[in-house]
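Notes to accompany the following structure.
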Amino acid sequence: MANAPQESPAYDSYTPDAETVSVKVARGLDDILDAIAVRSAVFIGEQNCPVREELDGNDVSSTHLVAYSGVEPVGSTRTRFFADFAQWGRLAVLPSWRGKGVSGVLARAAIELIRAKGYRRIYGQAESHLLPFYEKLGFRTNDRTADIVFSGYDFIEIVMDINPTSTSLSLEADPYTIIRPEGKWHEPGVLEKSAVRGVDPDRSKSSAATKAA
């Protein structure tokens with residue numbers, strides 16, 4: 001049976017009545033809309049990024065983190081996962097919350113999430129003037145030099161080498177842990193809770209009949 005619940009990680013610290021900013025993985029449409037609302041205010045509203053460039057077709061295939069003050073979203077970021085690296089970006093914080101450490105909270109939560117999934121390298125594209133922020137996190141400029149410009153801003157490629165967490169997911173993990181909701185690997189999920197009901201004989205017969213047909 002599955003492992004006992006662990007302490008909540010930085011990427012799953014959300015508490016509606018928290019006195020400090022808390023973070024959660026977007027698992028439902030409402031969470032993703034919170035992330036997009038923050039980004040729209042920052043990138044479209046403030047930075048005049050065209051809508052079709054900000055909503056670039058990658059949001060549905062990404063993992064989003066949303067920072068909250070109470071139940072109000074104040075920041076967001078997203079990560080895309082590839083075979084041997086994770087691409088992290090779209091870090092946005094509402095104007096009234098800048099200078100309060102929200103960017104750092106989201107960044108560290110995203111890095112921890114990527115480590116929990118077993119990755120060893122993070123790739124990003126940072127606005128040139130924000131490079132010092134990313135360097136403090138442990139990023140460095142990529143070995144190759146490439147001019148990157150989109151939506152009217154210039155970017156620099158950055159990378160970070162990381163080590164997976166001691167409990168990062170792998171094929172050796174408990175099978176119930178692997179099927180838990182994204183970012184909820186530290187606590188039992190709905191499917192493993194259903195295991196206490198055991199096998200339903202009627203469903204087993206129905207399955208066998210379908211296979212025989």
Side-chain angles (χ1 to χ4, degrees), residues 1-39 59-81 85-94 97-98 100-122 124 133-134 136-139 160 162-196:
M1 185 54 69
N3 301 324
Q6 305 167 22
E7 182 180 352
S8 295
Y11 51 79
D12 194 52
S13 63
Y14 174 68
T15 305
D17 57 356
E19 295 182 359
T20 58
V21 171
S22 59
V23 178
K24 71 173 174 179
V25 176
R27 302 183 184 92
L29 180 59
D30 53 342
D31 300 329
I32 295 176
L33 289 177
D34 282 348
I36 292 177
V38 171
R39 281 175 31 208
D59 285 319
V60 175
S61 59
S62 298
T63 296
H64 301 263
L65 292 181
V66 187
Y68 291 87
S69 172
V71 297
E72 292 297 316
V74 298
S76 69
T77 190
R78 79 178 187 191
T79 305
R80 302 171 66 209
F81 293 97
F85 70 96
Q87 180 200 2
W88 172 56
R90 288 297 200 275
L91 178 61
V93 176
L94 295 181
W97 282 89
R98 290 172 197 159
K100 300 180 180 180
V102 179
S103 292
V105 169
L106 277 168
R108 288 186 288 273
I111 293 169
E112 185 174 344
L113 175 69
I114 294 167
R115 293 180 63 226
K117 291 175 76 76
Y119 284 83
R120 294 181 178 276
R121 174 160 287 196
I122 307 174
F133 167 77
Y134 291 99
K136 288 181 180 179
L137 292 172
F139 283 92
M160 180 196 290
I162 57 174
N163 291 316
T165 62
S166 60
T167 57
S168 62
L169 298 180
S170 70
L171 285 176
E172 285 68 46
D174 186 288
Y176 286 105
T177 300
I178 293 174
I179 60 175
R180 288 172 180 174
E182 185 77 356
K184 282 285 187 183
W185 308 295
H186 54 288
E187 61 182 55
V190 64
L191 293 180
E192 62 202 278
K193 292 177 182 177
S194 76
V196 299

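Below, each value reflects all heavy atoms present in this structure, side chains not excepted, and no hydrogens, waters or symmetry copies. Keep in mind the model is a prediction, meaning the values are calculated, not measured.
Taking each heavy atom of Thr77 and Gly89 in turn, the nearest pair found is OG1-O, 2.7 Å. Nearest approach of Arg27 to Glu182, heavy atoms of both residues: NE-O, 2.6 Å. Across all non-hydrogen atoms, the minimal contact from Leu94 to Pro73 is CD1-O, 3.5 Å. The minimum heavy-atom distance between Pro181 and Gly189, with the atom names listed, is CD-CA, 4.3 Å. The two residues Gly118 and Pro164 have their closest heavy-atom pair at O-CG, 3.6 Å. In plain terms, the two heavy atoms of Glu192 and Tyr176 that are nearest each other are CB-CD2, 3.1 Å.
Judged by distance alone, the side chain of Arg115 and the main-chain N or O of Ser168 form no donor-acceptor pair under 3.5 Å. With hydrogens and angles disregarded, no donor-acceptor distance shorter than 3.5 Å links the side chain of Arg80 to the backbone of Ser62.
A salt bridge does not link Asp174 with Arg180: every distance from a Lys NZ or Arg NE/NH1/NH2 to an Asp or Glu carboxylate oxygen is 4.0 Å or more.
Residue Leu113 holds its CG atom at 11.5 Å from CG of Leu106, rounded to the nearest 0.5 Å. In this structure, Leu137 CG and Met160 CE are separated by 5.5 Å, a value rounded to the nearest 0.5 Å. Residue Ile162 holds its CD1 atom at 8.5 Å from CZ of Phe139, rounded to the nearest 0.5 Å. Residue Ile178 holds its CD1 atom at 13.0 Å from CG of Leu191, rounded to the nearest 0.5 Å.
Side-chain contact check for Tyr11 versus Thr79: every heavy-atom pair is 4.5 Å or farther apart. Residues Lys117 and Trp185 are in side-chain contact: their nearest non-hydrogen atoms beyond the backbone lie under 4.5 Å apart.
Arg98 is linked by a salt bridge (charged side-chain N to carboxylate O under 4.0 Å, His left out) to Glu46, counting only residues two or more places apart in sequence or in another chain.
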Contacts under 3.5 angstrom, residues 63-70 side chains, donor-acceptor by atom type, not counting sequence neighbours:
| from | atom 1 | to | atom 2 | distance (Å) |
| --- | --- | --- | --- | --- |
| His64 | NE2 | Asp59 | O | 2.9 |
| Tyr68 | OH | Asp34 | OD2 | 2.7 |

Check residues 17-26 and write down every donor-acceptor pair under 3.5 Å in which the side-chain atom is one partner and the other belongs to a residue at least two apart or another chain.
| from | atom 1 | to | atom 2 | distance (Å) |
| --- | --- | --- | --- | --- |
| Ser22 | OG | Thr15 | N | 3.2 |
| Lys24 | NZ | Asp31 | OD1 | 3.0 |

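Under the 30°/60° scheme for interplanar angles, the aromatic rings of Phe81 and Tyr119 are found to be tilted.
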